[in-house]
Amino acid sequence: MWTIWFLILRIKENCYQAVNGFDEVFNLAATMGGMGFIETHKAACMLSVLINTHLLMAARDKGVDRYFYASSACVYNGENRPTRTIRA
């Protein structure tokens, strides 16, 4: 049986509610929209820091055994991003 919650994870208490009773957490939550968005909305993207920090703290405090954090290439500076040549 699935339970679906709609929680604002920028709020610390909601993160504790979200992880309560779980052994594993898959953190796929973020505020982003690609490099163009990130470059022009830096303050809005920092809200993801709240989500990530609060979820990690809640998982630790609630005894979660496994925590998966998914990132994105968009979080890296464009000048430092590795490039590859792919031949078709």
Side-chain angles (χ1 to χ4, degrees):
M1 180 174 165
W2 289 83
T3 300
I4 299 174
W5 293 328
F6 295 96
L7 299 170
I8 298 171
L9 297 177
R10 293 184 304 264
I11 299 171
K12 187 176 179 180
E13 293 76 17
N14 289 351
C15 291
Y16 280 81
Q17 180 181 350
V19 304
N20 191 38
F22 289 96
D23 297 323
E24 298 177 337
V25 170
F26 294 81
N27 179 3
L28 308 175
T31 300
M32 65 167 294
M35 282 306 296
F37 181 82
I38 291 171
E39 290 298 320
T40 58
H41 297 83
K42 292 180 182 182
C45 291
M46 289 304 294
L47 295 175
S48 291
V49 173
L50 290 176
I51 295 170
N52 298 329
T53 303
H54 291 162
L55 272 177
L56 192 57
M57 291 170 60
R60 177 199 63 200
D61 294 347
K62 291 291 187 174
V64 170
D65 294 326
R66 298 178 67 179
Y67 187 94
F68 177 80
Y69 169 73
S71 186
S72 165
C74 292
V75 301
Y76 304 106
N77 183 328
E79 296 172 9
N80 297 331
R81 204 171 300 133
T83 59
R84 296 187 323 190
T85 302
I86 300 173
R87 295 190 177 121

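These numbers come from the heavy atoms of this one structure, side chains and all, not from hydrogens, waters or symmetry mates.
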message = Holding to salt bridge (charged side-chain N to carboxylate O under 4.0 Å, His left out), I want the full list of residues that pass it with Glu24, two or more places apart in sequence or in another chain.
response = Arg66
Minimum heavy-atom distance Ala59-Tyr67, with the two atoms named = CB-CD1, 3.7 Å
note = Residues pairing under salt bridge (charged side-chain N to carboxylate O under 4.0 Å, His left out) where one sits in residues 49-59, two or more places apart or in two chains, turn out to be none
key: Those residues that, when tested against Ile11, pass side chain to side chain contact (heavy atoms under 4.5 Å, CB included) (two or more places apart)   = Ile8, Glu13, Asn14
ask   = How close do Cys15 and Leu9 get, heavy atom to heavy atom, and via which atoms?
value = SG-O, 3.1 Å
message = So, applying side chain to side chain contact (heavy atoms under 4.5 Å, CB included) with Arg10, which one of Thr53, Val49, Ile51 is it?
response = Ile51
key: Any pair counted as salt bridge (charged side-chain N to carboxylate O under 4.0 Å, His left out), so long as it reaches residues 48-63, sequence neighbours left out   = none
ask   = Which residue pairs pass the ring pair (Phe, Tyr, Trp, His ring centres under 6.0 Å) test with at least one member in residues 47-66, sequence neighbours excluded?
value = none
query = Phe68: what forms a side chain to side chain contact (heavy atoms under 4.5 Å, CB included) with it, not counting sequence neighbours?
reply = Phe26, Leu28, Ala70
query = Step by step, would you call Leu55 with Tyr69 a side-chain contact (heavy atoms from CB on, under 4.5 Å)?
reply = CA-CA 10 Å; Leu55 272 177; Tyr69 169 73; over 6 Å; no
inquiry  = Side-chain heavy atoms nearer than 4.5 Å, only ILVMFWY residues, links allowed to pass through others: does that put Leu7 and Leu56 together?
reply    = yes
